[in-house]
S.K.: 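Here it is, the structure, as structure tokens.
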2 protein chains.
Amino acid sequence: MTELSGQTQDPLKAGGMSRIQEKNRSLILDAALGEFSKKGFSGATVERIAADAGMSKSNLLYYFSSKEAIYNATLAHILEVWLAPLKTLRPEGEPASELAAYIRQKIEMSATFPEASRLFANEVMQGAPQILPILETELKRLVAEKSQVIEDWIAAGKMRRVDPVHLIFTIWATTQHYADFSVQIRALTGRDLSDPDFFEETVSSVTSLILNGAGLVWPPENGLAE
Amino acid sequence: MTELSGQTQDPLKAGGMSRIQEKNRSLILDAALGEFSKKGFSGATVERIAADAGMSKSNLLYYFSSKEAIYNATLAHILEVWLAPLKTLRPEGEPASELAAYIRQKIEMSATFPEASRLFANEVMQGAPQILPILETELKRLVAEKSQVIEDWIAAGKMRRVDPVHLIFTIWATTQHYADFSVQIRALTGRDLSDPDFFEETVSSVTSLILNGAGLVWPPENGLAE
DNA sequence: TTGCATCTTGACCATTTGGTCAAATCCCTC
DNA sequence: GAGGGATTTGACCAAATGGTCAAGATGCAA
């Protein structure tokens, strides 16, 4: 296992790709996400990924030079999407609506891409062998930036004094929990985020807990104030 | 992989065990926890567990009949400890202090047994192949019982109306997050729960967010009331 | 000390699995 | 439609790994 941050693992990813290449790489990445998220890196087999993608193992290895390369590509493929919601926190917005929107987005991600969440969780739990450099640079920068936004809201008296980093961790933890532990949640409640009612119930419960926890008014009063 | 709920995987676990058996089984379980939590079921190797436990692979397989048996024993060994804190929620207590104590206990567990947390998370994320029956019976019963406790507090006007199950999920998610994602947390903050200051900071942040989120007064006012 | 059960191990085996390679086959350009 | 590169695959290989087994070492009771 080596790094993934820098250039592309396998060449010709970005630039010129024949239709067939494009299609096959995409099929492989989809299959790989399923496999890796279900079995973890070690538990996944190249053979099964290839079968899921509808091709021979040899052919898969024509597109990606090794199992690790597939894994890294899958991770990279997800990562941006997975971290995107945090970027949408707007300093000009009101904390309540901004945080509520962020939480909803995160839960939507958990509902729509639970495999991505599990893959990410798996990677981090194993010590983040591939993405540690990214966590330490890009993500750290992003968290610092958004912490400052929250800090400013606090300084402006718009919300209770809470540690911004722990607030972010709490949001990550709760929202991702519904994807990562969906089996447990289904065992306990009989439902999960794929059920629209349960989805809304979850958004509502988590949002109200965290926003009220941060000293914000939620749900917003009838609205016509100010 | 078969079930684990019922009897002991390997015989002679409970009753008569020679000193040497007792010692070796314990060494094995310790080593297994380390390995399984670090690499997952598939990634762990019997050879390495044996080495960590200071014995030959053959000898390990004299004590546990298979890799799966070690895994199940490890899981069983942890499970009770891991779920114990929830049992301590006392209906007679005040919601604020009861929940605060529960949260602290859970974070203490995350600090003291992070491997257990990760092993559990791993198992559940892979679909809980071994412990699903336990989740569906024992844990479900326990959660229902404690949800009722919270429900009663709400009915008694002692706390805001929140969905008890989601409240429990939120507590699990946040507290376990600090163990399962400790690498990410270290990457972002430079610290983790093994740092006493960070530990207290975490307890304080999480408790205050969740308790205030539940409409409770936290930290408690000077105290001498009522 | 002796005899027996417990304990321990190295040698060995079958299977799984990541990866290579040379031989096809497909697809596109000229 | 011929030539050549891109694509695809089965055969094959070496390493890793879970598990077996027979033989030897060790501990313990009488």
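Here is the naming used below: chain letters follow the sequence lines, and residue numbers restart at 1 for every chain.
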S.K.: Expressed as a whole number of angstroms, how long is the span from A:Glu35:CD to C:dG18:C1'?
M.R.: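 Interatomic distance, CD of A:Glu35 to C1' of C:dG18: 15 Å.
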S.K.: Side-chain N or O of A:Arg19 versus OP1/OP2 of C:dC27: is the shortest distance under 4.0 Å?
M.R.: no
S.K.: Pick out which of B:Ile210, B:Leu89, B:Thr207 makes a side-chain contact (heavy atoms from CB on, under 4.5 Å) with B:Leu99.
M.R.: B:Leu89
S.K.: Give a yes-or-no answer on whether the side chains of B:Gln176 and B:Lys106 include a donor-acceptor pair shorter than 3.5 Å.
M.R.: yes
S.K.: What is the distance from CZ of A:Phe64 to C1' of D:dT7, rounded to the nearest Å?
M.R.: 15 Å
S.K.: D:dT7, OP1 or OP2 - any side-chain N/O from A:Gln21 closer than 4.0 Å?
M.R.: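 Checking A:Gln21 against D:dT7: at least one side-chain N or O falls below 4.0 Å of OP1 or OP2.
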S.K.: In whole angstrom, what separates A:Lys39's NZ from C:dT17's C1'?
M.R.: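 In whole Å, C:dT17 C1' lies 14 Å from A:Lys39 NZ.
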S.K.: Are A:Ser117 and A:Asp180 close enough that a side-chain donor and a side-chain acceptor fall under 3.5 Å?
M.R.: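 Side-chain D/A pair, A:Ser117 to A:Asp180: present.
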S.K.: Taking the cut-offs as 6.0 angstrom to the six-membered ring centre and 45 degrees off its axis, would you call A:Arg25 and A:Phe64 a cation-pi pair?
M.R.: yes
S.K.: Is the ring pair B:Tyr71/B:Phe36 parallel, tilted or perpendicular, if the boundaries are 30 and 60 degrees?
M.R.: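 It falls in the perpendicular class, over 60°.
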S.K.: Return the value, rounded to whole Å, for the distance between atom CD1 of A:Ile49 and atom C1' of C:dT17.
M.R.: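 Value for this atom pair: 12 Å.
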S.K.: Excluding sequence neighbours, so at least two apart, what forms side chain to side chain donor-acceptor pair (under 3.5 Å) with B:Glu47?
M.R.: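 B:Glu47: no side chain to side chain donor-acceptor pair (under 3.5 Å) contacts found.
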S.K.: What does the B/S/- profile of nucleotides 8-26 of chain D look like, 5' to 3', with a 4.0 Å heavy-atom cutoff to protein?
M.R.: BBBB-----SBBBB-----
